[in-house]
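Here is the structure we will look at, set down as structure tokens.
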Protein chains: 2
Amino acid sequence: MSENLEELASRYRDILRQAVYLVRSIDAEGELSTGQVSTLNMISAQPMRVSAIARYAGIRVPSSTEQVIKLEAAGLVERITDESDARAVLVRITATGRKKLGEANKRRNANMAAALGTLSAGEQLAVANAIPAIAKLNAALKS
Amino acid sequence: MSENLEELASRYRDILRQAVYLVRSIDAEGELSTGQVSTLNMISAQPMRVSAIARYAGIRVPSSTEQVIKLEAAGLVERITDESDARAVLVRITATGRKKLGEANKRRNANMAAALGTLSAGEQLAVANAIPAIAKLNAALKS
DNA sequence: ACTCATAGTTAGACAGCCTAACAATAGGCT
DNA sequence: AGCCTATTGTTAGGCTGTCTAACTATGAGT
């Protein structure tokens with residue numbers, strides 16, 4: 001059984017490595033980078049701290065700061081001070097940011113949907129069924 | 001149905017984005033980068049051309065050349081000329097490269113297996129069942 | 001009030017990818 | 001044979017996104 005798990009791990013690692021390039025390919029066109037879309041998606045529900053963004057994205061705080069600076073320069077987010085902690089910075093999406101995010105998501109989803117459309121119904125189902133498990137797996141490595 | 005596909009695309013994009021960071025986390029320790037391990041895995045069965053490595057990895061030829069140069073400097077691969085085509089360069093893994101690759105794969109698979117071990121048997125099965133579909137999806141975007 | 005911890009920024013470096021331009025070889029066509 | 005176009009790979013130069021280290025400012029406990 002442990003042997004099966006190692007085997008599964010190996011195969012899963014292999015397709016994941018390739019999937020990274022799939023993401024790049026999907027995100028290639030458009031003005032926003034993968035990371036920018038990711039950040040905007042995170043804060044679309046409510047403002048988040050720079051450190052929270054970093055933690056969720058799996059990057060260090062300085063890298064997160066840099067991303068936020070670029071998004072702010074582009075007018076897509078704004079910094080607001082956390083009233084309960086003067087050290088913290090809350091990053092909030094702007095109306096423009098929300099608009100651009102919607103466009104970017106739409107375009108990227110269409111690209112991905114087109115790729116998914118080349119799969120058989122059974123294959124699509126297999127992907128759909130695996131999503132919760134993959135999400136759990138991602139969370140497991142977030143420690 | 002097209003609506004379902006967009007929905008699936010959105011959810012799949014979401015977990016894939018996070019999976020990118022999972023791969024980084026898995027590969028963090030050790031001397032070899034993700035790309036280096038990937039390249040070594042590719043050529044472990046038989047030598048490959050620089051262009052074939054690039055195509056499979058989803059990167060451009062100059063980037064592939066660069067990777068090969070680094071691997072060669074580290075003594076992990078060697079360039080040999082293709083006897084049937086003097087333009088081509090075959091990249092072959094060395095004994096040292098094979099040894100390092102084995103160690104890296106072992107460590108990474110163990111990390112991934114540990115994460116997979118936190119899933120239920122059903123979830124593990126769902127992941128396993130999705131792998132062929134995901135592989136096909138990756139290939140679909142390779143055009 | 002002092003001290004240590006936490007939040008974020010700045011500075012400097014590095015890996016990995018890209019495009020453009022180039023050299024060498026292959027292969028087809030006249 | 002000779003030429004022309006396509007293919008293979010390298011080199012040069014630039015950009016993005018990440019990192020660590022060092023710093024500032026604020027919070028929190030003693």
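Reckoned from all heavy atoms, side chains included, excluding hydrogens, waters and symmetry mates. Every chain is numbered from 1 and lettered A, B, ... according to where its sequence line falls, protein lines coming before strand lines.
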Note to self: Using every non-hydrogen atom in the two residues, find where A/Met48 and A/Ile43 come nearest and quote the distance to one decimal.
What the structure shows: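 Heavy-atom minimum between the residues: CB-CG2, 3.9 Å.
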Next item on the list: If a pair satisfies salt bridge (charged side-chain N to carboxylate O under 4.0 Å, His left out) and one of its residues is in residues 15-25 of chain B, list it, with sequence neighbours excluded.
Entry: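 Residue pairs passing salt bridge (charged side-chain N to carboxylate O under 4.0 Å, His left out), neighbours aside: B/Asp14-B/Arg17.
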Next item on the list: Return the nearest nucleotide to the side chain of A/Val50; candidates are D/dT11, D/dT7, C/dT9.
Entry: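 Nearest to the side chain of A/Val50 among the choices is C/dT9.
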Check: What residues in residues 72-86 of chain B put a non-hydrogen atom under 4.0 Å from any atom of DNA chain C?
Finding: B/Asp85, B/Ala86
Item checked: Nearest-nucleotide 5' precedence on DNA chain D, A/Arg87 against B/Ala88 ->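 The residue closer to the strand's 5' end, by nearest nucleotide, is B/Ala88.
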Checklist line | A/Thr94 (side chain) donor-acceptor with A/Gly75 (main chain) under 3.5 angstrom | finding: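 Yes, the answer is positive, given that a donor and an acceptor are paired below the 3.5 Å cut-off.
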Rounded to whole Å, how long is the line connecting atom [atom1] of [X] with atom [atom2] of [N]?
X: B/Ile53; N: C/dC17; atom1: CD1; atom2: P; result: 12 Å
X: B/Leu32; N: C/dG16; atom1: CG; atom2: P; result: 11 Å
X: B/Arg55; N: D/dT8; atom1: CZ; atom2: C1'; result: 11 Å

Notebook entry, point to check: Looking for any heavy atom pair under 4.0 Å, which part of the strands does B/Thr65 touch: base, sugar-phosphate only, or nothing?
Noted result: base
Item checked: Passing option when A/Arg13 is tested against B/Asn105, B/Thr34, B/Asn111 for side-chain hydrogen bond (donor to acceptor under 3.5 Å, both in side chains) -> B/Asn105
Checklist line | Modelled atom types, side-chain donor and acceptor of A/Asn129 and B/Asn129, under 3.5 Å | finding: no
Extract from the structure each pairing of a protein N or O with an N or O of nucleotides 16-21 of chain D at less than 3.5 Å, listing the distance.
| unit_1 | atom_1 | unit_2 | atom_2 | d |
| --- | --- | --- | --- | --- |
| D/dG17 | OP1 | A/Ser33 | OG | 3.1 |
| D/dG17 | OP2 | A/Lys70 | NZ | 3.3 |
| D/dT18 | OP1 | B/Tyr21 | OH | 3.3 |
| D/dT18 | OP2 | A/Gln67 | NE2 | 2.9 |
| D/dC19 | OP2 | A/Arg60 | N | 2.7 |
| D/dC19 | OP2 | A/Ser63 | OG | 2.8 |
| D/dT20 | OP2 | A/Arg60 | NE | 3.4 |

